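All remarks here apply to the structure that follows.
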Amino acid sequence: MIDAAIQTILTNAGYDSYNFVSIDPDKDLPMPARPFLVHKEQLDDTVRTKDGIEGYKYQVSIVVVHDKAIDLHTLCATIATLMEGQTGLIEGTNFEFVEYLGNDGIYQDQPRSPYYDNLIFAVETTNK
Amino acid sequence: MGKIRGYNFNAKLGDKLIRGVTDSDLSIDADWVETINKDNQGVEDLEFEKANSTFNVNFEWRTLETGEEGTYLGSEDLMEAAHNGTIFAAVVGRVATTGAKVISGNAVITSYKDTTGSKEFATASCAFRFKGATSITTVS
């Protein structure tokens, strides 16, 4: 599954990362030490030819959380490069390409809270 | 019942399909000639001459993987055929459905076009025209 693959990519690169769907909103968990990442995957479309379904197009969001805005900016650039380099089989999902589409821009919920940015990627795989 | 999904329609060149086809179409333009002769006492009539048939195929630009050569034509095969004026034995319609009526004959590529932007996977399209007589046959 693509969420497991994204988790593996980020974890193997040394980042404290969390799958969005694994976060229980009913539990008031403490915020992890910064920096950390939260990723979410959405199936946008299937690649269909007359031979059948030959691929899947996902939109992957990775929220990057950091205490310092300048370091967040640098980390986002690193994550974008890391993701765009992914091809081949990862956790059973075969990546054909990853394209960094852009970000939402750095923001902060309230003064002295961590800084966030949301990176958006288009990912095409040949299986689920 | 009776409705057919578009993926059932395809073109076969020789005994091969085109790899990565996303959509295709078939046009049959019937030539009718106006006739006015003394037999029908000056009343205009139409006489059937022939049908001119063309078809277009859009596909993802693909190379063939090992084992696909016997079943498919890759994109470079079509580019080469367009350049060299290759004549194919062509069948168009529901080519994989036993009992379906399809149009058969010899066809040539009248245009090949690939689209190769930096962001997306490459795609291509071919326009075909039947050359000479065609017939309606049944897929067996």
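Chain letters run A, B, ... following the sequence lines, proteins first, then strands; residues in each count from 1. This structure is a prediction, so every number in the text was calculated from the model and none was measured.
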Residues pairing under side chain to side chain donor-acceptor pair (under 3.5 Å) where one sits in residues 103-119 of chain B, two or more places apart or in two chains, turn out to be A/E99-B/K119, B/W61-B/Y112, B/S104-B/T137, B/Y112-B/D114
Parallel, tilted or perpendicular, judged at 30° and 60°: which one describes the rings of B/F130 and B/F55? tilted
Chain B interface, residue from A/R48, A/E54, A/K50 that has the most non-hydrogen pairs under 4.5 Å: A/K50
May I ask you to decide whether B/D77 forms a salt bridge with B/K16, counting only side-chain N to carboxylate O separations under 4.0 Å? no
Under-4.0 Å salt bridge between A/R34 and A/D67: yes
Go through the atoms of B/F59 and report whether side chain, backbone, both or neither lie under 4.5 Å from a heavy atom of chain A. neither
Heavy atoms only, distances under 4.5 angstrom: which of B/F121, B/F9, B/Y72 has the most pairs with chain A? Name it, please. B/F121
Hey, which of B/N10, B/L17, B/N8 has the most heavy atom pairs under 4.5 Å with chain A? B/N10
